[in-house]
Amino acid sequence: MTPLFPEDAGSVSAAGVLLQGAQPPINYTRDPDPGWRAGRPACLKELCPVCGDKVSGYHYGLLTCESCKGFFKRTVQNNKQYVCAEKQECTVDRGQRKRCPSCRFHKCLHVGMRLEAVRADRKRGGRNKFGPMYKRDRALKQQREALIHHGGFRLDSGPPLGPSTHHMHLTFTNGFHPLPMAQPPPLCSLLPFPPLAGPQYQCSSLSNWTVKSQHSNDGSAARIHSFSPQAPRMPQLVMEFLHCEPDELQLQSKIAARILQEEPGAPSTFSLMCVMADQTLFSIVEWARTSVFFKQLKVDDQMKLLHSCWSELLLLDTVCRNVLQGREGSLLLVTGQEVELSYVASHAGLTLAGLVQRGQELVEKLLILKVDRQEIACIKFLVLFNPDVKQLEDHQFVESVHEQAEAALLEYTLCTSAHLLGRFAHLLLCLSEIRSLSTHAEDYLYCKHLSGGVPCNNLLIEMLHAKRSCA
DNA sequence: ATAGCCTTGAGA
DNA sequence: TCTCAAGGCTAT
């Protein structure tokens, strides 16, 4: 599922091969999806990711229609508690959006509408902190449109002469100006910050989130939750985790810029994939470095944790991108490009195709569970603060953060899907599948590295080696 | 309660 | 001054 793996031995480059043949496996065109797997709209002409109605502008974090904007506002402002009468699998489209507010609100959260954008003080007018994000999103969409319409984005494949000669030509010729980027520094230099002095984050397992039982109108037992005013509908810690999340659009721009910096003309598929994985790793390290709790750790412990979980985080990143924004039947890469899964299945080597298949199954599981951004933010902390990592100086702290993250996730799931008992356990099961799959993927990559030709001088290889030398 | 239209006001 | 994403109003 991750884009980082080179071709199977004896077979051709997965992504390179994917790019051959009649239909281009990578494209920028995306169906507006009325289902849970909402595509990102390219402009106002596109459809609301919640219900498929006409988009009226950016509302609470993304382009939505007027009615979903109003619905989201009413729900958050009035602290409404909905309960789905079915199994929380109701269709939310233009015709049926009024039928189940519970599923509609879940879908709002799932596609990325931001609770924080609803103003607690109800002040009108002006701009909020999302302004720059909307601007970047608009710019990115314009960039893409220009690339498509002016033929500036070209994808073609080299002659079928074997793995090492397959090339993917990614050429941006119009309206795209890469940011200057330095050669990637090693991990240790990315973690130069000493542990935070001054006030530390509380490590208590209590939040100001309360849960009490109450009876609903129909007489059935229901859980009613009260929320803190700063963190409507979610535990404080989940809010905290959410604030640590990186800016996806900035990451996408950076990686696209790096790809342009690669050998002009014909970068190999493999080096492109390495750039994607490598740059994603940089963003992961940056995320961790600036995240709550992690920045309190000593650099040695930070290194140990990252060395232990980098591949899990990389896999999680790709899986979650596909859960939240992906389109059925294709693999959404960090750059916003898509690869047809059928093409992977038929053209990649057995090992790689198997890994991608397992990743896809994980995506399906998480789609069924309707995992949202809040839960993903918690899961990332569960992965990062792994108490099983050996020789940690502050093992107790790591364990405590892990427990808190787990408790926060449990509280959140109890609130948003109280009637779906076992959902929390299912999320944890997905977490162990992430661990298992990432181990296999890492082994695969390491074998490829040993059998030759994985470009050195990148964070990816550094991580791979660091972990092996620890093991 | 919903959803289309109106008003507001900080920042470009 | 203009823009546009907030909140508000109101017919349905």
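Within every chain, numbering begins at 1; the chains are lettered A, B, ... in the order of the sequence lines, protein sequences first and strands thereafter.
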I'd like to know if [X] pairs up with [Y] as an ion pair, taking the criterion as any Lys NZ or Arg NE/NH1/NH2 lying under 4.0 Å from an Asp or Glu carboxylate oxygen.
{"X": "A:E340", "Y": "A:R327", "result": "yes"}
{"X": "A:K87", "Y": "A:E89", "result": "no"}
{"X": "A:R423", "Y": "A:E375", "result": "yes"}
{"X": "A:E286", "Y": "A:R289", "result": "yes"}

- Query: Side chains of A:E364 and A:Q360: do they bring a donor and an acceptor to under 3.5 Å?
  - Reply: yes
- Note on the structure: Listing for DNA chain C: consecutive Watson-Crick or G-U pair runs of at least 3, distance cutoff 3.5 Å, ranges ordered by first number, gives B:1-12 with C:1-12
- Query: A:F241 and ring pair (Phe, Tyr, Trp, His ring centres under 6.0 Å): which partner among A:W287, A:F381, A:F385, A:F294?
  - Reply: A:F381
- Partner residues of A:E406 under the side-chain hydrogen bond (donor to acceptor under 3.5 Å, both in side chains) criterion, sequence neighbours left out: none
- For A:E399, the side-chain hydrogen bond (donor to acceptor under 3.5 Å, both in side chains) test, sequence neighbours excluded, returns none
- Query: Counting any heavy atom closer than 4.0 Å, what does A:R122 reach on the DNA or RNA strands: base, sugar-phosphate only, or nothing?
  - Reply: sugar-phosphate
- Task: Give the rounded distance in Å between these two atoms: NZ of A:K123 and P of B:dG9.
- Result: 9 Å
- Counted 5' to 3', the first and last nucleotides of DNA chain C within 4.0 Å (strictly under) of a heavy-atom of chain A are C:dT3 to C:dG8
- When you check every protein heavy atom under 4.0 Å of nucleotides 1-7 of chain B, what one-letter string (B, S, -) results, 5' to 3'? SBBBB-B
- Item | Heavy-atom closest contact (A:G125 atom, A:R119 atom, distance) | O-NH1, 2.7 Å
- Message: Per the ring pair (Phe, Tyr, Trp, His ring centres under 6.0 Å) rule, what does the pair list look like for residues 120-142 of chain A, sequence neighbours excluded?
- Response: A:Y58-A:Y134
